[in-house]
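Quick notes on the structure that follows.
Residue numbering restarts at 1 for every chain, and letters A, B, ... go by the order of the sequence lines.
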2 protein chains.
Amino acid sequence: MREIFDAELAQLGEDLVAMAEKVDTAIAAAGRALATTDLPLAESVIADDEAIDALNRDLDERCVMLLARQQPVATDLRVLVSGLRIASTLERMGDLARHVAEVARRCYPQPAVPEHVTELVTSMGASAERVADRTVRLLATRDLAVADAIERDDDLLDELHTASFAALLGGTWPGTAQQAVDLTLLARYYERFGDHGVSVARRIRYLVTGEG
Amino acid sequence: MREIFDAELAQLGEDLVAMAEKVDTAIAAAGRALATTDLPLAESVIADDEAIDALNRDLDERCVMLLARQQPVATDLRVLVSGLRIASTLERMGDLARHVAEVARRCYPQPAVPEHVTELVTSMGASAERVADRTVRLLATRDLAVADAIERDDDLLDELHTASFAALLGGTWPGTAQQAVDLTLLARYYERFGDHGVSVARRIRYLVTGEG
């Protein structure tokens with residue numbers, strides 16, 4: 001029995017990595033769709049989010065089934081409860097990547113981002129991609145140095161989020177209201193993406209060290 | 001043992017209701033702070049969110065402890081896993097109430113909402129309050145007619161969210177960029193609030209009927 005359970009826990013870990021990889025692909029493609037005004041790419045990100053949602057439902061059911069069948073205690077219980085939560089966090093990161101792609105789609109054929117804030121939005125996208133890359137690596141390796149790096153990426157995303165407010169509210173916004181709305185949303189999506197990355201990082205840290 | 005466990009499950013249910021009541025108070029007060037440009041009220045909502053976060057941490061720990069100690073199966077397991085998730089959803093609803101209050105605070109002493117969209121924002125606030133009221137009632141009674149009503153409130157919030165985009169992007173936004181940013185955020189916060197209410201409604205429906 002124990003061997004089967006161990007195999008199931010290992011499978012769960014692999015599925016979380018696979019889910020994080022899909023999120024990583026999605027956030028990178030969404031940023032590219034935004035930067036290059038690429039409608040088919042935006043639409044593919046939006047369509048592919050369903051696969052991430054399906055993975056979440058599947059992982060979720062299996063965690064609950066294992067809780068019921070294996071009656072795990074101590075570490076195993078912690079791994080399963082963390083698995084439930086990490087899957088749900090990754091699902092929300094996938095939603096945010098989809099939301100970025102939806103902004104690109106809504107604005108098409110216009111670029112969503114006005115020229116004078118392109119660099120800001122590109123930096124947000126790059127930071128979010130780093131968070132996603134590192135989330136994959138952290139789930140695969142449980143290397144806590146990667147968790148630290150995610151926290152730093154998130155600090156940068158918070159700074160860029162604040163900078164977006166400064167750009168919007170500095171009193172001289174040269175763009176349209178639509179562009180103000182879109183930058184507000186994009187900055188919020190990327191900032192939340194970072195927060196969710198940190199949430200995964202802290203759960204893994206807790207699993208590894210036992211300290212919350 | 002069973003009696004103690006039943007008492008603990010009942011306590012868990014009561015604590016979820018108490019948490020939902022705090023969320024209800026918070027979203028109502030945040031809407032009032034926004035409508036009346038009331039800085040102390042906005043600040044009290046922001047400060048009180050810590051209590052909701054603390055309740056969530058406490059509920060969460062107790063659910064995991066009960067999972068470990070009681071090794072529940074079937075219905076009990078479903079109740080505990082749902083409890084974990086509902087607490088975390090309520091915590092996010094509390095965060096959104098805080099975010100609404102933060103918009104009121106950031107704009108003070110100016111009103112955050114320009115006059116021509118006051119009615120729209122007031123309607124959003126009222127719908128979100130209804131969602132919160134009903135969430136309290138649903139958790140206390142498990143009356144599925146209340147769950148249906150939450151889904152309808154959320155449909156209305158989605159319509160109001162769409163209407164906010166129309167107001168912002170109709171080509172004749174008469175407000176400032178700051179007001180466009182704030183309306184974008186407020187509409188998004190209220191819309192998410194409704195989504196989370198629906199998430200609680202569906203979890204309770206699943207607990208009651210066994211159908212997801």
Residues R192(A) and D195(A) bridged, charged N to O under 4.0 Å: yes
Under a 4.5 Å cutoff for heavy-atom pairs, which residue among L185(B), T176(B), L77(B), T184(B) has the most contacts with chain A? T184(B)
Test: E50(A) and K22(A) ion pair at under 4.0 Å: no
Part of R106(B) lying under 4.5 Å from any heavy atom of chain A: side chain
Taking R202(B) first and then E151(B), would you say they form a salt bridge - that is, a charged N and a carboxylate O separated by under 4.0 Å? yes
What part of V64(B) is in contact with chain A, defined as an atom under 4.5 angstrom from a non-hydrogen atom: side chain, backbone, both or neither? both
Using heavy-atom distances under 4.5 Å, tell me whether L84(B) contacts chain A through its side chain, its backbone, both, or neither. side chain
Heavy-atom contact with chain A under 4.5 Å, split by part of L67(B): both
V81(A), part contacting chain B, at a heavy-atom distance under 4.5 Å: side chain
So that I can tick it off, tell me whether D76(B) and R2(B) are bridged by a salt bridge, with the cut-off set at under 4.0 angstrom between side-chain N and carboxylate O. yes
Looking at R85(B) and D60(A), is any side-chain nitrogen of the basic one under 4.0 Å from a carboxylate oxygen of the acidic one? yes
